[in-house]
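This chain uses plain numbering: 1 for the first residue, then up along the sequence.
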Amino acid sequence: VPTDLSFQNLLPAFIGLFAIPMVLTNLIMGTRVPEQHIATSIDVTPLALFRGAVAGTLGGLFAAFFPVVTGGVGGFLAGHATAQRDDRSFIVSQGASKFVYYVGGFLLFFLPGLHLTRGGLAAMAHTLFTPDTPQLYFTAVAAMAICGAASFGLLIVLSRLAIKVVARIDYRVISWITLGILIGLVAITTGLGGLIVLVPAVAIGLIPTLFGSRRMNCLGVLLIPITLNMAGVGSDIARLLGLLP
């Protein structure tokens, strides 16, 4: 049970459990991206939209408030709540989860009397100043609204560009490049120790893909130590398992 849930300690485990297994699966199965086109309508029912929005909002809120948990974990939880029901609900849940985590988490830093620092953007802003008036909160909300409108316009343009790039580059080439970047990132940031952790993490992460179990169970590597540490017994359990002297 790790008592130090730092970035360097969690990075190899998370990349091994969740990132590399998906890349390896794409390489082994020879996944090919289907022909892309610009849709002129939205094929989604009100029920699927509602289910995806609720699941995404709950996952995003969990990530925004729970210590150490990131937006990726929130989206992962939302995905498991919707993926087996409807692909459309799954897509909606991912957008809702990311919106609640990144926008809501950042605005929690500006909320008077709370100043909860969640996410990298809030952490960087915290080094410069600490908001102390409601006016700054309203300013942040207005800035988020303007940025959201601008990003929606950019999305339309950039998505068309992405369609052209995906159609010209072999998906397996992208997967090999991604695999190299992931392994290199672990090696540079955590060294040999991180690579040693990465290997069994990849093996465990492949179990849900190969045997059809739920990938969400792998989150135990994060949630169980957090729960034990919050209960004040993390160090005792670690010593019992021989992980600490």
With a 3.5 Å cut-off and sequence neighbours excluded, list the donor-acceptor pairs that the side chains of residues 179-186 form with protein atoms.
none

Kindly list each side-chain donor-acceptor pair under 3.5 angstrom involving residues 146-169, sequence neighbours excluded, with atom names and distances?
{"residue": "Ser151", "atom": "OG", "partner": "Cys147", "partner atom": "O", "Å": "3.1"}
{"residue": "Ser151", "atom": "OG", "partner": "Gly148", "partner atom": "O", "Å": "2.8"}
{"residue": "Ser159", "atom": "OG", "partner": "Leu155", "partner atom": "O", "Å": "2.8"}
{"residue": "Ser159", "atom": "OG", "partner": "Ile156", "partner atom": "O", "Å": "3.0"}

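Applying the side-chain hydrogen bond (donor to acceptor under 3.5 Å, both in side chains) rule to pairs touching residues 14-23 yields nothing, sequence neighbours excluded.
Minimum heavy-atom separation, Gly194 to Pro12: O-CB, 3.3 Å. In terms of heavy atoms, Val221 sits closest to Ala13 at CG2-CB, 4.3 Å. Contact between Gly52 and Ala96 at its shortest, heavy atoms only, is O-CB, 4.4 Å. Scanning all heavy atoms of the two residues, the minimum distance from Ser175 to Asn26 falls at OG-CB, 3.8 Å. For the residue pair Leu136 and Phe110, the shortest heavy atom distance occurs at O-CD2, 3.8 Å. Taking all atoms of both residues into account, the shortest heavy-atom contact from Gly220 to Pro225 is O-CD, 3.3 Å.
Follow the hydrophobic side-chain contacts under 4.5 Å out from Ile15 and you never reach Ile174; the two are in separate clusters. A chain of hydrophobic side-chain contacts below 4.5 Å, direct or via other Ile, Leu, Val, Met, Phe, Trp or Tyr residues, connects Val103 to Val141. Under the 4.5 Å side-chain heavy-atom criterion for ILVMFWY residues, no single connected hydrophobic cluster contains both Leu11 and Ile188. A continuous path of Ile, Leu, Val, Met, Phe, Trp and Tyr side chains, each step under 4.5 Å between heavy atoms, connects Ile20 with Phe211, placing both in one hydrophobic cluster. If you chain together hydrophobic residues whose side chains sit under 4.5 Å apart, Ile91 and Leu58 never meet in one group.
By the 4.5 Å heavy-atom criterion applied to side chains, Leu107 and Met144 are counted as neighbours. The side-chain heavy atoms of Leu198 and Leu195, taken from C-beta on, include a pair separated by under 4.5 Å. Taking 4.5 Å as the limit, every side-chain heavy atom of Pro131 sits out of range of all side-chain heavy atoms of Tyr137. Between Ser97 and Thr57, every side-chain heavy-atom pair lies at or beyond the 4.5 Å cut-off.
Membership of an apolar cluster is not assigned to Val199, as no side-chain contact below 4.5 Å to another ILVMFWY residue is traced.
Summarising the geometry, atom CD1 belonging to Ile196 is positioned 10.0 Å from atom OG1 belonging to Thr190; distances are rounded to the nearest 0.5 Å. Here OG of Ser235 is found 10.0 Å from CG of Leu228. Values are rounded to the nearest 0.5 Å. Leu17 CG to Asn217 CG: the interatomic distance, rounded to the nearest 0.5 Å, is 11.0 Å.
Residues passing the side-chain contact (heavy atoms from CB on, under 4.5 Å) test with Val44 are Ile42, Ala48, Leu49, Arg88, sequence neighbours excluded. For the side chain to side chain donor-acceptor pair (under 3.5 Å) test, residues two or more places apart in sequence or in another chain that qualify with Thr209 are Arg215.
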